[in-house]
Amino acid sequence: MLYWALIFFVLALVAGLFGFGGIAAASASIAQILFFIFLAVFVISLVAHLVTGRRPPMV
């Protein structure tokens, strides 16, 4: 998901560079939404890992 946020961020930068303001704003907002979703999923998985207290198996 972070990959897609970075893709939309780069798309927004390129569109802004060429003067497409509407496309740049839309891509930037999509990238921002995806980043915050990624951040929320990361925090939820971190809390779930801390609550369960299981450690990964040693290889």
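Everything numeric in this text was worked out from a predicted model, so none of it was measured.
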Quick check for you: to the nearest 0.5 Å, what is the distance between L39 atom CG and I44 atom CD1? 10.0 Å
With the 4.5 Å side-chain cut-off for hydrophobic clustering, are L11 and F9 part of the same group? no
Distance col, row I7:CD1 vs S27:OG, nearest 0.5 angstrom, shows 11.0 Å
Looking only at heavy atoms, the pair that brings A28 and A12 closest together is N-CB, 3.6 Å
May I ask you to decide if the ring planes of F42 and F38 are parallel, tilted or perpendicular, using 30° and 60° as cut-offs? parallel
